Novice: 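I'd like to ask some things about the structure below.
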Amino acid sequence: MSQLLQFYKSFQASRAAAAAARTGNANNNNQPTFEDLTIDDGISELERLAKYTKSTIGLQRLVHTKMLSDVAKSIGFAAAVSNVLPLLEPLSQDLEPVVRQHLVEQLKALAKFLVEHGEEGYQLVIRRLLPLIASLLEDERSEVRQSASMTLVEVASVVKQEDIGQHVLTIVLHLAHEDEREELRMTASQLLNLLAEALGQDLVKQFAIPEVVSLAEDPMFRVRKATALNFHCVCKVGGEHELLERLMPAFVRLSKDDMYRVRRACAESLCDISRCVGEDIRLGVLVEIFLRLTQDPSKLVKQSVLQQSGMFLSTLPSRAISETLLGHYCSMINNPTGDVSVDAELKHICAFSFPAVLQIVGKNRWKEVREVYHSLAQSRSVNIKQTLAHSLHEVARLLQDQQKVEEELVPVFEDLIQDVEVVQMGVMKHLSAFLSLLSQPCRLSYLPLLHDILHSTNPFNWRLRQSLAVQLPQLIALPPEVDLYRTLFPLVMVLLQDPVASVRRDSFKGVARLILTMHGYMTHNKAAFLAADPPSDPPPSSSSGEVSHEQLAVYHEQCLDEVARSINAFINADKYQLRQLWVELAHQLLLYLPRFLFEKYFVHGLLALTCDHVINVRVPLAVLLSGFHDFRNNNSNTNNTNNSSSDLNGANADASTGINTAAEVDSSSQLPLQPDPWEWLLSRPDICTCVDRLSQDDQDVFIHMQRLQALPVFAHVA
């Protein structure tokens, strides 16, 4: 309650100051006390609603106004109609603007609730809610009108097409003809645009377009400005004839308006309109407006049109982008306004829209925008560099030329990766996508540096490490398999032991990918040896270069054994947190590794940790053993687990690797999910012994183990 009192004091601060200014008396001894703010918790929500929406204290009315839709849903349709709807009219006339604003926002949810109950509820929306929204659209406060506008648009989506003209459009037309209040005509221009698709082409042609054209010629510049900003949806729905004959001429007139604020609004809406019209209008009308506004006498208009230039160009076909058009976009790097802050903002916008411009002009015109990109890359602005860092992989993809990427973008990559942490983060977030576009020798040279980057950054910047952990499955696919152990295994182990839990957990899929890839390469070389194929890449330790497939297979089997040994060292770690980490990792590996790999390397750890003296280790082990329930609920392929097998001789097993190739694939890591590994795991006698032991454990362990009662073989667990 003390927090409520504090909130109330903050809520009343502006009103008290205004009242004091009006009366000349700064002292107000009529403030509510703690007892006044006390809410009776002994009455129902509906009774509270009825009582406190009529309170003399504004905060209590506000709090309970925000409960209207929730209470209506909880008490049901009939009770809501009888008890909640009568409260709406008085609240719409509340003295507090914030109460009226939150009331109109509640009407969205109430309307959806009512129409769910058939024709009676629908008629209540038409007869009760829409008139309330109409009255609040004429509110004296702009924030109330804005909320009412958004509510009308949303409520219109549940109004039948045959009723929308009579009950929704008429509200807007009334506002458009309010000659004494220009703010209502501004609201009308916004609503005509937002409601265009809901109204449909016929109503837009017959009513909306004439009103838009009329508002575009309004004597008040603020109305004309609002109309210029709200043109695109009407253009999209109105039809080609109306667009050419009425709307575009009106927009052209607005772009030549005497008031610079109106012309600036036209510049700001060019992109939206361009996306909603055909190519003929883009090239014949909008390009002409764009070029004219770049020569506008007002600096603010020129600034706005330059800000839009990149996104405007992205809406044109590349053949239509002349050197002149592209030149205006490129001019943003040359301090066109002379104002330091404005020019800095233009460069930031230029950097943000660069990928869109490059995509539309194509890689063959890279020379025309190359100087822009490298000028931005040399900027001292962190915001610009951060933007470039986040889009570096997209620019590389658009160039579609490995050599050009390495010549033009690798130097930029090297600078950004050594910049401040927010810039580094942008590069690291899409690192695997960028490196995948480089040649193998080039990408291989950068992978060992990732370990150094982790140790050179702020240890509190865990999100950077997390971005790497999430990308591990993709990073592991980049180097040749022969180099995996040397290049990425150290990084995997560092992330696996990160002090932040989310980083550790996000690295689990990378561990699974590493084991699967190394095993697949080892098995491939064994098969090649048996087939007497020519030798493949030698292991890094070889100096002669003449290494047989048999030697490669032995080398990689040793590497895989070392990976498993390093992971399994956690089983006997002195710190229980590492033993707990191993169990959580084993849970994930169970999902992705084929049976023979999991049994070879990890089953013994489950048996060993069943007797761990720390309950925080045994609890995740119990979660692992009982995880079949969640797995079967979350994975569609488990419906037919009786017809699938993870046995090496199964019909779906790859002949060389023994890995199930028909398994469902995890979308985030592209790892194959094994078909219900609990089917074979819980059939092992030694695991059954673990289950029996953990079933006699503390309550925190048993609460998970009792889920096994769903399986007939473990019905005795109690």
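Treat the numbers as computed from the prediction; the structure is a model and nothing was measured.
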Novice: Listing request: all side-chain hydrogen bond (donor to acceptor under 3.5 Å, both in side chains) pairs with a residue in residues 231-243, at least two apart in sequence or in separate chains.
Specialist: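 Listed once each, the pairs would be none.
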
Novice: For atom CZ of Phe352, decide whether the heavy atoms of other residues, nucleotides or ligands shown that lie under 6.0 angstrom number more than 12.
Specialist: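 Incorrect, the count does not exceed 12.
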
Novice: May I ask you to test the Val395-Leu358 pair for a side-chain heavy-atom distance under 4.5 Å?
Specialist: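 They are in side-chain contact.
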
Novice: Considering only heavy atoms from C-beta outward, does the side chain of Asp506 approach that of Gln466 to under 4.5 Å?
Specialist: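 SC-SC contact between Asp506 and Gln466 confirmed.
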
Novice: Please check if the number of heavy atoms outside Lys429 that lie under 6.0 Å from its NZ is greater than 12.
Specialist: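 No.
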
Novice: Table please: side-chain donor-acceptor pairs of residues 284-296 below 3.5 Å, with sequence neighbours left out.
Specialist:
from, atom 1, to, atom 2, distance (Å)
Glu288, OE1, Arg292, NH2, 3.4
Glu288, OE2, Arg292, NE, 3.1
Arg292, NH1, Ser255, O, 3.3
Arg292, NH1, Ser255, OG, 3.3
Arg292, NH2, Ser255, OG, 3.1
Thr294, OG1, Leu291, O, 2.5
Asp296, OD1, Arg263, NH2, 3.0
Asp296, OD1, Ser298, N, 2.8
Asp296, OD2, Arg263, NE, 2.7

Novice: Is the shortest heavy-atom distance from the side chain of Ser92 to the side chain of Leu103 under 4.5 Å?
Specialist: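 Heavy-atom side-chain distance check passes, below 4.5 Å.
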
Novice: Considering only NZ, NE, NH1 and NH2 on the basic side and carboxylate oxygens on the acidic side, decide whether Glu279 and Arg319 come within less than 4.0 Å.
Specialist: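 Result for this pair is yes, salt bridge flagged.
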
Novice: Going by side-chain contact (heavy atoms from CB on, under 4.5 Å), Tyr122 matches just one of Val115, Leu114, Val158. Which one?
Specialist: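 Answer after filtering Val115, Leu114, Val158: Val115.
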
Novice: Quick one, Arg185 with Met220, criterion side-chain contact (heavy atoms from CB on, under 4.5 Å). Give me CA distance, side-chain angles, the key distance, then yes/no.
Specialist: CA-CA 10 Å; Arg185 302 199 297 280; Met220 306 304 294; 3.4 Å; yes

Novice: Could you tell me whether the side chain of Glu211 reaches within less than 4.5 Å of the side chain of His177, counting heavy atoms only?
Specialist: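 Side-chain contact under 4.5 Å: yes.
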
Novice: Would you say Gln146 and Gln190 make side-chain contact, with heavy atoms under 4.5 Å?
Specialist: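 Gln146 vs Gln190: side chains touch.
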
Novice: Taking distance alone, no hydrogens or angles, what donor-acceptor pairs closer than 3.5 Å link side-chain atoms of residues 78-90 to residues at least two apart or in another chain?
Specialist:
from, atom 1, to, atom 2, distance (Å)
Ser82, OG, Ala78, O, 3.1
Asn83, ND2, Ala79, O, 2.9
Glu89, OE2, Gln93, NE2, 2.8

Novice: Check whether any side-chain heavy atom of Ile321 sits under 4.5 Å from a side-chain heavy atom of Arg365, and report yes or no.
Specialist: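 Answer yes - side chains close enough.
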
Novice: Within a 6.0 Å radius of atom CZ on Arg463, are there more than 12 heavy atoms belonging to other residues, nucleotides or ligands?
Specialist: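 Open.
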
Novice: With side chains defined as the heavy atoms from C-beta onward, is the minimum distance between Val213 and Arg253 less than 4.5 Å?
Specialist: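 A side-chain contact under 4.5 Å exists here.
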
Novice: Could you give all pairs that pass the salt bridge (Lys or Arg N to Asp or Glu O under 4.0 Å) test and reach residues 97-109, with sequence neighbours left out?
Specialist: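 Listed once each, the pairs are Arg100-Asp139.
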
Novice: Assign the ring pair Tyr329 / Phe354 to parallel, tilted or perpendicular, where the plane angle (0 to 90°) is split at 30° and 60°.
Specialist: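 Plane angle between 30° and 60°, so tilted.
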
Novice: Once side chain to side chain contact (heavy atoms under 4.5 Å, CB included) is applied, do any residues pair with Glu345, and if so which ones, sequence neighbours excluded?
Specialist: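 Here the qualifying residues are Gln303, Gln307, Ile349.
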
Novice: Is it the case that more than 12 heavy atoms not belonging to Lys225 sit under 6.0 Å from its NZ atom?
Specialist: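 Counting other residues, nucleotides and ligands, NZ of Lys225 stays at 12 neighbours or fewer.
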
Novice: Please determine if Arg275 and Asp272 form a salt bridge, counting it only when a charged side-chain N lies under 4.0 Å from a carboxylate O.
Specialist: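 A salt bridge is present here (some side-chain N lies under 4.0 Å from a carboxylate O).
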
Novice: State, without any angle test, whether His174 and Glu178 hold a side-chain donor-acceptor pair at a distance under 3.5 Å.
Specialist: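 His174 vs Glu178: donor-acceptor pair found between side chains.
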
Novice: Using the side-chain hydrogen bond (donor to acceptor under 3.5 Å, both in side chains) criterion, which residues pair with Arg127? Sequence neighbours excluded.
Specialist: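 Result, side-chain hydrogen bond (donor to acceptor under 3.5 Å, both in side chains) vs Arg127: none returned.
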
